[in-house]
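Encoded as structure tokens, the structure appears first; notes follow it.
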Number of protein chains: 2
Amino acid sequence: MVSTMKIRQLTFRLLQVYADVVRTGSITATANRLHLTQPTVSQQLKRLREIVGEPIVRQEKGRIVPTEVGQALYQLSQDLLSRADVFSQYLEEYNRGGRGHFSIGLVNTAQYVLPRLLGPFSQANPQVDVTVEIGNRQQMLNRFERHEDDIYVFSHPPSDDDVLAAPFLSNPLVVVGPEKCHWANVKDLSMEALKDERFLLREPGSATRHTFDAWLYSAGIELTSTQQIASNEAIRLAVASNMGLAVLSRYVVADSPKGVQELTLTGFPLKSRWHFVVRRERRLPPAAYRFLSFAEGSLTQAFDEPEGSLAVAELLEALKGAR
Amino acid sequence: MVSTMKIRQLTFRLLQVYADVVRTGSITATANRLHLTQPTVSQQLKRLREIVGEPIVRQEKGRIVPTEVGQALYQLSQDLLSRADVFSQYLEEYNRGGRGHFSIGLVNTAQYVLPRLLGPFSQANPQVDVTVEIGNRQQMLNRFERHEDDIYVFSHPPSDDDVLAAPFLSNPLVVVGPEKCHWANVKDLSMEALKDERFLLREPGSATRHTFDAWLYSAGIELTSTQQIASNEAIRLAVASNMGLAVLSRYVVADSPKGVQELTLTGFPLKSRWHFVVRRERRLPPAAYRFLSFAEGSLTQAFDEPEGSLAVAELLEALKGAR
DNA sequence: AGACACCATAGGTATTTATCTATGACTGTA
DNA sequence: TACAGTCATAGATAAATACCTATGGTGTCT
């Protein structure tokens, strides 16, 4: 006898129509407002009544007024509809990229420059929450393989099939020595002259190392003494402690130049560039898309030597199709 | 491009299914739990995704996990479903009569006795809110005609076609005089002896008046002096002030006997009864039904001379059909 | 490497829904 | 009392929904 509401059949459409009927107090009026015919609205009400299992409106002096149950139902409708609406707005915001989350994976060196983009972006999009993953090249490649992040920053983009990469900033690699290094005063210094110095190098997988190695090879130079150190920071400190020289991203040095200085060398800085890397296949969260778009627009303000803002624009274009 | 959710097609059923999928992390599991097949659930998810316009789940290590949007949707689902559930519970409570509202219309005399039923009822059903309307017979008849209340209490039920009436309490009409009335000491007092006293009477429409008039008529007695006063209270006060005698419900006197006393008269008290009156056609609010049912059960405790508890039971039975 | 879960898709069907037009009943006002 | 307006009901239909069975792909675990 006491049957609860048949909630399975309840539609938001029904609630919409019902709420409007209660508001207007007229079936005909609602029909007009919602571009339906009067019998349609009548029938919707009937169906809703059946779902609820209880009369929800009655006629009183020509107006439609909700019964007691009807009033409760009206409140419910308002409540549910407005909540759904909030969600809908969230969705819109999400799609616009102004809200949501994305993650970006950086190789170590890039961590020195990305904040200049991420900072202003977060400022401008407080509702977007960004996860920044940092690791050496190999670690990032692993994450990339597992599709763990939305955007990556590499110097040498992996060559996967569906990879899209756009250079956005040049990453000059410079030779650094300790603060009071006598090489600093030598004119027309060349690498040849330094080849017997001890060089502190990143691990072979890293882009910095790879670029340097390749350059040495093409220049036909072989270093006599090297030492491998896993982090840029550690290398910088080691150089400051007179443990040797190193090749580092200029941004690493610029960031905290204490105890080290850049040496001016013929042929240096070595050219290298950071790329935004995304998978063509992956449906980028709108927030991630928005970030790339933001980055493209602010490269010139954020950096002295931006590079490839056009390439980023192209990447965005390529992604648009996949949305 | 940025299309909001197609809310019109959103069903609570879909949300139910979706919420369960998120909870179990498995489409198959949900299918089993909800007694559906796996493809059915798959398809529901797909439909929901189309409504939302955005992927809501993805597979991750064999488990189904919600996307960012999916998580928001899940929260929404929980929220909406639980709210609908609260309403459903309200409905149940309402149907059980333990919650809600009804109104009861009383003729004046009945106001002295109904509190003995309404009090305990409200105590037992704090969520039920009762409107008590009080007026003279004519006023109540008007309200009755306009279907303004759910239950009425009359001594003489109106004879409408779809009226259902059940006597529930005898309403003895007694002759009252002032506190130090010499008639009080007379043995075997008869109305005949009092016929030259001044009688203070209610208006002709009232049941008390009508019963008394009828009795006088059948006894062949004609009063020599009468005065019409519209309220029982006023009559009682007038009697206490030695303005005359009166015929009143014993309950009126019992309620506040100051300054008056009941006279023992042959043939008195006159018999009369209060009736619960409802319209057969009217769908009684469950709370009203519950009140009648409560009344039926507590007549014996509430009153010394209950009457017609059986008739009330019958009335309830008759109403059951119309529910 | 297979076997096994698990999910997606295709294809099918009975039911339900969302609408409409036409029409009849009721009601308040002129 | 007649008219105008409002609502309910009936009857019809195209579309959508809620399911199902069968089957094939894919990732997981042993």
Side-chain angles (χ1 to χ4, degrees), chain A residues 5-53 55-67 70 145-148 281 283, chain B residues 5-53 55-67 70 145-148 162 281-283:
Chain A
M5 179 172 58
K6 291 173 189 155
I7 197 177
R8 297 161 47 129
Q9 311 181 41
L10 194 52
T11 306
F12 279 80
R13 177 57 167 172
L14 282 180
L15 296 181
Q16 277 180 337
V17 173
Y18 174 65
D20 198 83
V21 169
V22 173
R23 262 181 249 118
T24 61
S26 153
I27 289 180
T28 305
T30 291
N32 293 332
R33 289 160 54 101
L34 305 187
H35 307 295
L36 298 169
T37 61
Q38 169 265 312
T40 299
V41 176
S42 275
Q43 217 219 104
Q44 301 281 53
L45 278 187
K46 189 177 175 186
R47 210 160 79 72
L48 187 54
R49 174 174 71 223
E50 278 156 13
I51 289 171
V52 172
I56 52 179
V57 292
R58 65 166 175 279
Q59 242 170 305
E60 202 163 83
K61 296 213 218 96
R63 282 182 67 76
I64 301 287
V65 297
T67 62
E145 280 315 314
R146 295 195 210 104
H147 297 61
E148 293 190 311
E281 161 267 340
R283 233 187 76 92
Chain B
M5 179 171 58
K6 290 174 190 156
I7 197 177
R8 296 162 47 127
Q9 311 181 41
L10 194 53
T11 306
F12 279 80
R13 177 57 164 172
L14 283 180
L15 296 181
Q16 276 181 337
V17 172
Y18 175 65
D20 198 84
V21 169
V22 173
R23 260 181 250 118
T24 61
S26 154
I27 289 180
T28 305
T30 291
N32 293 333
R33 289 160 54 101
L34 304 188
H35 308 295
L36 298 169
T37 60
Q38 169 265 312
T40 298
V41 176
S42 275
Q43 216 214 117
Q44 303 280 52
L45 278 188
K46 189 177 175 186
R47 211 160 76 74
L48 187 55
R49 175 174 69 222
E50 277 157 11
I51 288 170
V52 172
I56 52 180
V57 293
R58 64 167 176 278
Q59 240 170 306
E60 200 162 85
K61 295 212 221 98
R63 282 183 66 77
I64 301 286
V65 298
T67 61
E145 280 315 315
R146 294 195 212 105
H147 296 62
E148 294 191 310
D162 70 355
E281 162 267 340
R282 187 189 187 90
R283 234 188 75 93

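Both backbone and side-chain heavy atoms feed into the values below; hydrogens, waters and symmetry mates do not. Numbered from 1 within each chain, the chains take letters A, B, ... in sequence-line order. The structure displayed is predicted, hence computed values, not measured ones.
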So, OP1 or OP2 of C/dA8: does either fall under 4.0 Å of a side-chain N or O from B/Ser42? yes
With a 4.5 Å cut-off on side-chain heavy atoms, are B/Val57 and B/Thr67 touching? no
Rounding to a whole Å, what distance do you find between B/Glu60:CD and C/dC6:C1'? 16 Å
Per atom distances to the A/Pro39 side chain, the nearest of C/dA10, D/dT17, D/dA10 is D/dA10
Euclidean distance, atom CG of residue B/Leu10 to atom C1' of D/dA16 [Å, nearest integer]: 15 Å
Can you identify which nucleotide, out of D/dC19, D/dC20, C/dA18, has its nearest atom closest to the B/Thr37 side chain? D/dC20
First locate atom CD of B/Gln44, then atom OG1 of B/Thr11, and finally report the distance between them rounded to the nearest 0.5 Å. 8.5 Å
Within the structure shown, what part of the strands sits under 4.0 Å from A/Arg58 by heavy-atom distance: base, sugar-phosphate, or nothing? nothing
Using a 4.0 Å heavy-atom cut-off, does B/Gln43 contact any base of the nucleic acid, only the sugar-phosphate backbone, or nothing at all? base
Using a 4.0 Å heavy-atom cut-off, does A/Arg63 contact any base of the nucleic acid, only the sugar-phosphate backbone, or nothing at all? nothing
Please give, in whole Å, the distance from D/dC29 C1' to B/Lys61 NZ? 14 Å
Is there side-chain contact between B/Arg58 and B/Val65, with heavy atoms separated by less than 4.5 Å? yes
A/Thr28 near the nucleic acid: base, sugar-phosphate alone, or nothing, with a heavy-atom cut-off under 4.0 Å? sugar-phosphate
Between C/dA18 atom P and A/Leu15 atom CG, what is the distance in whole Å? 12 Å
Quickly work out the A/Gln38 CD to D/dA8 C1' distance and round it to whole Å. 7 Å
Roughly how far, to the nearest 0.5 Å, is CD1 of A/Ile7 from CZ of B/Phe12? 5.5 Å
What integer distance in Å separates A/Leu45:CG from C/dA18:C1'? 14 Å
So which atom in B/Thr24 and which in B/Arg63 form the shortest heavy-atom distance, rounded to 0.1 Å? O-NH2, 3.6 Å
Of B/Arg13 and A/Gly25, the one whose nearest nucleotide on DNA chain D sits closer to the 5' end is A/Gly25
Residue pair B/Gln44/A/Ser26 against DNA chain D: nearer the 5' end by closest nucleotide is A/Ser26
5' priority, DNA chain C, between A/Gln59 and A/Thr40 [closest heavy atom]: A/Thr40
From NZ of B/Lys46 over to P of D/dA16, roughly how many Å is that when rounded to an integer? 15 Å
Are any of A/Arg47's side-chain N or O atoms less than 4.0 Å away from OP1 or OP2 of C/dT17? yes
Atom-to-atom span, CD1 of A/Ile64 to P of C/dC26 - whole angstrom: 16 Å
If you only use heavy atoms from C-beta on, which nucleotide in D/dA8, C/dT17, D/dC20 is closest to the side chain of A/Gln9? C/dT17
